[in-house]
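Please read the structure below before turning to the comments.
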Amino acid sequence: MKPVIIIQGPTAVGKSSLALELAQKFSLDIISADSRQVYKYMDLATAKPSKEELSLVKHHLIDIITPDEAYNAGRFTRETTKIVDHSEIKNPIICGGTGFYISAFLEGLCHIPDIAQEIRDSLTQDWDNLGNEMMYNKLKEIDPYISQKVSNNDKQRIIRALEVFYGTQKRLSSYWEEQGLLHPRKVLNILLLDDREDIYHRINKRYDQMVLSGLLDEIRNLLDMGYKVDSPGLTAVGYKELLPYILHNQNLADCINLAKQHSRNYAKRQITWYKRNKFNLVFFRKSINYSTIDIFLKNFINNDGKIGDY
RNA sequence: GGCGGGAUAGCUCAGUUGGUAGAGCAGAGGCCUGAAAAGCCUUGUGUCCCCAGUUCAAGUCUGGGUCUUGCCA
């Protein structure tokens with residue numbers, strides 16, 4: 001198990017540029033842990049690194065699928081494991097804001113076979129027709145343990161538990177029980193934070209900049225290429241909010257404000273998520289100590305992942 | 001100028017036949033085992049525009065005023 005450097009943090013905190021700098025200095029690859037940067041043709045509002053930046057350092061898991069394709073934590077885990085353990089370049093930097101993906105990679109997911117999309121589609125239909133109570137009661141019968149852990153209104157998790165059962169004839173909870181311990185991987189897990197107001201401010205400013213840089217044309221282009229408004233890619237924050245303007249001529253300023261608001265909500269959820277995780281280094285953006293990071297990184301790389309005394 | 005809507009939580013609005021108010025969104029906090037930029041949970045004391053009146057009791061009725069908005073001139 002190869003040691004791995006990880007950089008996490010809420011959106012617009014400056015993860016990518018830190019990763020780029022370190023990757024260049026120590027000649028490392030970067031693996032993007034971002035559920036939206038995987039999509040081709042979606043560059044601006046996913047805050048994807050620029051062409052120039054991408055040419056400076058080898059990036060993985062960016063531009064790997066089209067916007068009509070779904071991506072998920074299982075795929076990320078498989079693909080990242082493959083890259084990390086087979087890459088010739090040692091100790092890649094995993095950098096991104098999708099904390100669930102990184103946790104899944106580090107802690108492992110239970111081994112559930114892929115479930116046919118039709119099962120989920122039909123359960124989603126049932127949900128819309130029968131209502132949440134009926135579906136929740138179904139789950140209570142099938143998998144009481146999961147039903148206790150899930151709100152009776154949590155459409156996604158109820159459907160997931162049901163689709164696992166209908167697709168594999170086995171309860172989701174029994175997959176959970178089977179889940180073995182993963183060999184712990186050595187990590188240098190870095191969290192980059194900032195004051196809430198500063199993050200919010202940067203999100204707002206950055207989105208205005210994205211719009212000025214041609215975000216509307218990027219979205220129009222996606223539609224011209226035939227991607228539907230409900231394509232997995234287009235449900236991304238920053239895209240879905242502008243659709244009403246492009247398609248139905250709704251007020252642009254309102255759409256922009258909503259996009260900013262949703263980005264702020266997202267950042268808040270990320271910050272909450274990080275509270276559950278353990279990190280080796282936590283930095284505030286404004287007081288980031290590059291020499292400390294350098295020392296940690298150098299030691300981490302030279303000692304094959306052992307974080308000793310400094 | 002005439003006629004008619006509005007005026008209630010930061011914002012958009014509900015408030016049944018009068019019994020001192022409640023949703024969504026925002027904000028805040030939290031959850032998260034293959035949709036995670038997703039999904040979900042918790043959290044609402046506010047001169048109910050102002051003044052006077054009717055009433056045991058008015059956001060709710062009456063009169064006057066202020067502001068706002070639509071239509072007609």
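We name chains A, B, ... by the order of the sequence lines, and we start the count at 1 in each one. These numbers come from a predicted model, not from an experiment.
- Using atom C1' as the reference point in both B:A26 and B:U12, the two lie 11 Å apart (nearest Å).
- A close approach under 4.0 Å does occur between a side-chain nitrogen or oxygen of A:Ser35 and OP1 or OP2 of B:A37.
- Between A:Gln261 atom CD and B:G10 atom C1' the separation is 12 Å, expressed in whole Å.
- Nucleotides B:G24 and B:U43 place their C1' atoms 15 Å apart, quoted to the nearest Å.
- For the P atom pair drawn from B:A7 and B:U55, the interatomic distance equals 27 Å after rounding to whole Å.
- No continuous path of ILVMFWY side-chain contacts below 4.5 Å connects A:Leu192 to A:Tyr266, so the two sit in separate hydrophobic clusters.
- Between A:Ala45 and A:Leu172, the residue anchored closer to the 5' end of RNA chain B is A:Leu172, taking for each the nucleotide with the nearest heavy atom.
- At the phosphate of B:G39, neither OP1 nor OP2 sits under 4.0 Å from any side-chain N or O atom of A:Asn153.
- A:Ile159 and A:Ile146 fall within a single hydrophobic cluster, where Ile, Leu, Val, Met, Phe, Trp and Tyr side chains are chained together by heavy-atom contacts under 4.5 Å.
- Distance check, rounded to the nearest 0.5 Å: NZ of A:Lys186 to CZ of A:Phe300 gives 8.5 Å.
- In this structure, the side chain of A:Tyr200 does not engage the main chain of A:Lys260 through any donor-acceptor pair within 3.5 Å.
- For A:Arg36 and B:A36, the shortest distance from a side-chain N or O to OP1 or OP2 is below 4.0 Å.
- Taking the P atom of each, B:U33 and B:U69 are spaced 50 Å apart, rounded to whole Å.
- Side chains of A:Ile271 and A:Ile199 form a contact here, defined as non-hydrogen atoms less than 4.5 Å apart.
- At a cut-off of 3.5 angstrom, counting only N and O atoms as typed in the model, there is no donor on one side facing an acceptor on the other between the side-chain of A:Asn72 and the base of B:A36.
- For the pair A:Phe100 CZ and B:A35 C1', the computed distance is 10 Å after rounding to whole Å.
- Within the structure, a side-chain polar atom (N or O) of A:Arg160 is placed less than 4.0 Å from OP1 or OP2 of B:G34.
- Salt bridge present: A:Asp195 and A:Lys286 bring a charged side-chain N and a carboxylate O closer than 4.0 Å.
- The listed nucleotides are B:A37, B:A36, B:C31; the one nearest the side chain of A:Arg276 is B:C31.
- Distance, A:Tyr274 OH to B:C32 P: 16 Å, rounded to whole Å.
- Annotation: B:C25 and B:A38 have their P atoms spaced 14 Å apart (nearest Å).
- Within 4.0 Å of A:Gly97, counting heavy atoms only, lie sugar-phosphate atoms of the nucleic acid but no base atom.
- The only option from A:Leu216, A:Leu223, A:Leu222 that meets the side-chain contact (heavy atoms from CB on, under 4.5 Å) definition with A:Arg220 turns out to be A:Leu216.
- Remark: P of B:A26 and CG of A:Asp254 are 15 Å apart, rounded to the nearest angstrom.
- Listed candidates were B:A37, B:G27, B:A35. Nearest to the side chain of A:Ile159 is B:A35.
- Nucleotides B:U16 and B:G22 are separated by 14 Å at their P atoms, to the nearest Å.
- Phosphate proximity of B:A37 to A:Thr98: present, with a side-chain N or O under 4.0 Å from OP1 or OP2.
- Not one side-chain nitrogen or oxygen of A:Lys240 sits closer than 4.0 Å to the OP1 or OP2 atom of B:A37.
- A:Val237 and A:Val211 are members of different hydrophobic clusters when ILVMFWY side chains are connected at heavy-atom separations under 4.5 Å.
- The phosphate of B:G27 has OP1 or OP2 within less than 4.0 Å of a side-chain N or O from A:Asn265.
- Close to B:A28, at under 4.0 Å from its OP1 or OP2, lies a side-chain N or O of A:Tyr200.
- Contact annotation: A:Lys268 reaches the phosphate of B:G29 (side-chain N/O to OP1 or OP2, under 4.0 Å).
- Taking atom CD on A:Gln156 and atom P on B:A38, their separation rounds to 9 Å, with Å as the unit.
- Nearest nucleotide to the A:Ala236 side chain, out of B:A26, B:A37, B:G29: B:A37.
- Inter-residue side-chain proximity for A:Pro10 and A:Tyr274 is flagged as met; some heavy-atom pair is nearer than 4.5 Å.
- For the pair A:Glu241 (side chain) and A:Gly238 (backbone), a donor-acceptor distance under 3.5 Å is present.
- Contact check, A:Arg196 against B:G29: a side-chain N or O comes under 4.0 Å of OP1 or OP2.
- Using a 4.0 Å cut-off, no side-chain N or O of A:Arg75 falls inside it from OP1 or OP2 of B:G34.
- Distance noted for atom P between B:G59 and B:A52: 14 Å (whole Å).
- Phosphate proximity of B:A36 to A:Tyr101: present, with a side-chain N or O under 4.0 Å from OP1 or OP2.
- The gap from the C1' atom of B:C67 to that of B:G29 amounts to 38 Å, rounded to the nearest Å.
- In this structure, A:Tyr71 reaches the sugar-phosphate backbone alone: every heavy-atom distance under 4.0 Å involves primed, P, OP1 or OP2 atoms, never a base.
- Rounded to an integer number of Å, the gap from A:Trp273 CH2 to B:C40 P is 17 Å.
- Distance CZ (A:Arg157) to C1' (B:U33): 9 Å, rounded to an integer number of Å.
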**Prompt:** Would you write out the dot-bracket form of RNA chain B, 5' to 3', with Watson-Crick and G-U pairs under 3.5 Å, [ ] for crossing pairs, | for pairs to other strands and . for unpaired bases?
**Reply:** (((((((..((((.....[..)))).(((((.......))))).....(((((..]....)))))))))))).
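- Spacing between atom CG of A:Leu258 and atom C1' of B:A37 amounts to 13 Å, rounded to whole angstrom units.
- Position along RNA chain B of the nearest nucleotide to A:Tyr266 versus A:Pro113 favours A:Pro113 as the more 5'-ward residue.
- Using a 4.0 Å heavy-atom distance criterion, A:Thr46 is classed as a base contact.
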